[in-house]
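Here is the structure we will look at.
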Amino acid sequence: MVFIYIYVFLDMNGAQLSGFRLYVHDVIGGGNEHQVYNNAVDQYVDGINTVRPPGSPLASKVIVKRDGILSICEVQVYVGM
């Protein structure tokens with residue numbers, strides 16, 4: 001299982017992260033980009049948005065995109081069994 005933690009600046013309350021999309025580039029299949037998450041609603045607990053992509057993507061890159069300004073503090077990716 002993959003867990004992706006996205007930390008926001010607490011003084012902004014996630015305002016510049018709402019509406020972000022999360023993509024992975026797969027390792028198998030030529031490095032194609034796939035959207036695995038769309039943050040339509042702010043879901044922050046203590047400034048952290050936890051994303052669990054469906055399945056267990058084997059990715060070489062994780063990309064966070066947003067129309068407009070994107071302000072994040074840190075992104076952590078963990079793979080567990």
Side-chain angles (χ1 to χ4, degrees):
M1 176 158 291
V2 176
F3 294 92
I4 301 171
Y5 299 101
I6 300 173
Y7 295 80
V8 300
F9 292 104
L10 291 177
D11 59 342
M12 293 183 177
N13 293 322
Q16 292 186 346
L17 190 59
S18 63
F20 76 90
R21 296 166 312 281
L22 186 69
Y23 299 83
V24 296
H25 274 251
D26 59 13
V27 174
I28 301 169
N32 296 318
E33 184 175 287
H34 302 282
Q35 182 175 326
V36 294
Y37 183 75
N38 185 354
N39 180 34
V41 178
D42 293 334
Q43 301 173 12
Y44 305 102
V45 176
D46 296 327
I48 304 169
N49 187 313
T50 303
V51 177
R52 294 181 183 95
S56 189
L58 184 58
S60 59
K61 292 182 198 176
V62 173
I63 300 167
V64 180
K65 293 183 181 180
R66 179 182 185 270
D67 296 331
I69 297 171
L70 172 65
S71 294
I72 57 175
C73 216
E74 183 175 353
V75 176
Q76 297 177 343
V77 180
Y78 295 94
V79 178
M81 298 295 221

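Note that this is a predicted model, so its numbers are computed, not measured.
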Which class fits the ring pair Phe3 and Tyr5: parallel under 30°, tilted 30 to 60°, perpendicular over 60°? parallel
side-chain hydrogen bond (donor to acceptor under 3.5 Å, both in side chains) involving Tyr23 - partner list, sequence neighbours excluded: Arg21, Gln35
Under the rule for salt bridge (charged side-chain N to carboxylate O under 4.0 Å, His left out), what residues qualify as partners of Lys65, not counting sequence neighbours? Glu33
When you group the ILVMFWY residues by side-chain heavy-atom contacts below 4.5 Å and let the links chain together, are Ile6 and Val77 in the same group? yes
Rounded distance [0.5 Å steps], CG in Asn49 versus CG in Asn39: 5.0 Å
Phe20 vs Tyr37 aromatic rings, parallel, tilted or perpendicular, using cut-offs 30° and 60°? tilted
